[in-house]
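Numbers here simply count residues along the sequence, with the first being 1. For ligands, and for the atoms within them, numbers begin at 1 and follow the listed sequence. Since the model is a prediction, treat every value here as computed from it, not as a measurement.
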Amino acid sequence: MKESIENRSFIYDIPTKVYFGKNQLNNLGKELSVYGKKVLLCYGGGSIKKSGLYDRVISEIENAGLELFELGGIAPNPRIESVNAGADICKRENIDVLLAVGGGSVLDCTKYIGAGAFYDGDAWDILLEKVPVKKCLPVVTVLTLAATGSEMDASGVISNPDTKDKIGLIFPAMQPKVSFLDPTETFSVNKYQTACGCSDILSHIIESYFVPENESMYMLDRFKEGMMRTLINYAPVALAQPDNYEARANLMWTSSWAINGFTGSLQNCEWTCHPIEHELSAIYDITHGLGLAILTPKWMKYVLDEKTADRFYTYGVEVFGIDPSLSKMDVANKSIELTEDFLYNTLGLSSTLTEIKIDDKNFDVMAEKACCGDVLYGFKPLNKENIKEIFKMCL
Ligand code: NZQ
Ligand code: ZN
């Protein structure tokens, strides 16, 4: 392992300025003004109007003397249609800066609007990688849901209902310039979305924690274990007391650090549960975190063997405090049981596809697409047949 670290280098550069805490929104007008006068405000289905955040944002924009344009109605699992609509406004009105206010769906959509503003065709071409993203309008975000980490990463996931595709890509140009993270804005997130958000955060950490030994690093492993413990500790608090600041703050900052590039330093291997889940939300439009909750323990059971058990052992001992004197396999199996307990009992999420009325009809095509007809080279390489087996375990 030492030798492999010596042979790996990385650049760590997260050019997102974060304002964390209550009342930080007072700085919104000032930050937007850095990028110009014309602001396109992007938001979802109305939660920000109910919570009062919309009015707060508008007054910041008005007080700063900025010109406001709006694109509302961005759906969960955001559609390419919204990206194109936003990009059209940008081109028509010569927008200077984008302001995304919402959860990951709004943030992701806004990133591609910024990229689409510099492309004359259908923005789906960007997702199909027919055109590279070299430029993007500056994106400022106000996060309202702790989950995806979109507030501090350069990636975004867009769905195309016509082709039943859901594609996620990373373009450094889409990295938000500034993100406002006020935990009080997540007080209004309901139990289900809070649970799905926590499942998503956990999965982001698991994806980079369960990697071949030569892609791990002692310091990063301990950091990730600390984040998983934080999540397991505070998720039930946030569910029981939605306005518990300490819990919401811990979840919010964990969501950002789970996927901002830090945990994945030194790693080349692919994520596994995410590409598999994206096929579920592409076809069935389910919540991303729910799909991950159903899949993750089944994936764990599928990949556990004598060779992979060491990692499960460390996970079980360090994250769940399982007795280290038990056998490696006993700890590994117990760690999976405790993961299930967290996802299904503590978070209260469904444990099977059958429960959410999804059958095996599309398993073949979903498995094929998840590995792009090849192999997912993750913790344990998975081909199409392996992925189909995992889907079957989810029934
Ligand atoms: O649309 P509104 O009315 O705002 O309601 C939303 C939506 O219905 C609601 N909500 C958000 N903040 C709220 C709130 N309700 C009450 N109070 C608040 N403060 O929650 C619902 C879900 O919102 P959404 O943005 O879809 O959730 P999430 O943040 O989990 O985003 C999911 C999307 O992000 C992608 C997922 O695939 C999915 O499309 N991902 C993005 C990633 C990234 N950019 O790095 C990585 C992730 O792995 C993930 O794939
Ligand atoms: Zn995710």
Side-chain angles (χ1 to χ4, degrees), residues 16 41-54 56 71-80 82-83 100-112 127 139 141-160 165-171 174-176 179 181-208 238 242-243 248 251-252 255-261 263-264 271-282 285-293 295-296:
T16 300
L41 167 63
C42 303
Y43 55 95
S47 71
I48 67 162
K49 290 197 171 163
K50 261 189 231 150
S51 71
L53 178 59
Y54 175 85
R56 184 89 205 284
L71 177 75
I74 296 171
N77 297 326
R79 319 280 198 268
I80 190 62
S82 296
V83 175
V101 184
S105 294
V106 171
L107 272 55
D108 284 6
C109 185
T110 306
K111 290 174 179 178
Y112 285 101
L127 277 302
V139 174
T141 84
V142 178
L143 184 68
T144 64
L145 202 171
T148 64
S150 186
E151 65 277 12
M152 215 174 165
D153 75 17
S155 92
V157 191
I158 301 295
S159 296
N160 186 332
D165 284 311
K166 183 173 182 184
I167 302 176
L169 296 174
I170 301 173
F171 293 110
M174 300 194 312
Q175 180 88 26
S179 283
L181 274 57
D182 177 349
T184 65
E185 295 303 342
T186 64
F187 286 0
S188 56
V189 179
N190 65 25
K191 275 193 169 34
Y192 172 70
Q193 288 295 345
T194 299
C196 289
C198 289
S199 159
D200 191 19
I201 299 168
L202 179 66
S203 174
H204 295 158
I205 307 168
I206 284 175
E207 297 272 20
S208 77
D243 57 354
R248 293 294 195 180
L251 296 179
M252 199 170 214
S255 88
S256 304
W257 278 88
I259 187 177
N260 70 8
T263 59
W271 284 18
T272 308
C273 289
H274 268 67
I276 301 177
E277 192 296 314
H278 282 169
E279 295 311 319
L280 279 172
S281 39
D285 200 18
I286 62 168
T287 309
H288 173 60
L290 171 63
L292 290 169
L295 278 165
T296 302

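- Assignment of G46 to the shell around ligand 1 is supported, since a heavy atom sits closer than 4.0 Å.
- Contacts between D108 and ligand 1, counted as non-hydrogen atom pairs separated by less than 4.0 Å, involve the side chain only.
- T194 and R248 are linked by a side-chain donor-acceptor pair at a separation below 3.5 angstrom, with hydrogens and angles left out of the test.
- For the Zn ion (ligand 2), the count of nearby protein N, O or S atoms, meaning those under 2.8 Å away, is 4.
- Not one N or O of K111 is nearer than 3.5 Å to an N or O of ligand 1, by distance alone.
- Where the criterion is an N or O separation shorter than 3.5 Å, residue side chain and backbone included, G45 meets it with respect to ligand 1.
- No part of I48 comes within 4.0 Å of ligand 1, judged by heavy-atom distances.
- Proximity of A147 to ligand 1, defined as any heavy-atom pair under 4.0 Å, is confined to the side chain (atoms from C-beta onward).
- Between P78 and ligand 1 there is a heavy-atom distance shorter than 4.0 Å.
- Residue T148 touches ligand 1 through backbone and side chain together, judged by heavy-atom distances below 4.0 Å.
- Remark: distances from the non-hydrogen atoms of G289 to ligand 1 are all 4.0 Å or more.
- Between H204 and ligand 1 there is a heavy-atom distance shorter than 4.0 Å.
- By the 4.5 Å heavy-atom criterion applied to side chains, P78 and V83 are not counted as neighbours.
- Between the choices K166, K50, E151, H288, the shortest heavy-atom distance to atom 39 (O) of ligand 1 belongs to K166.
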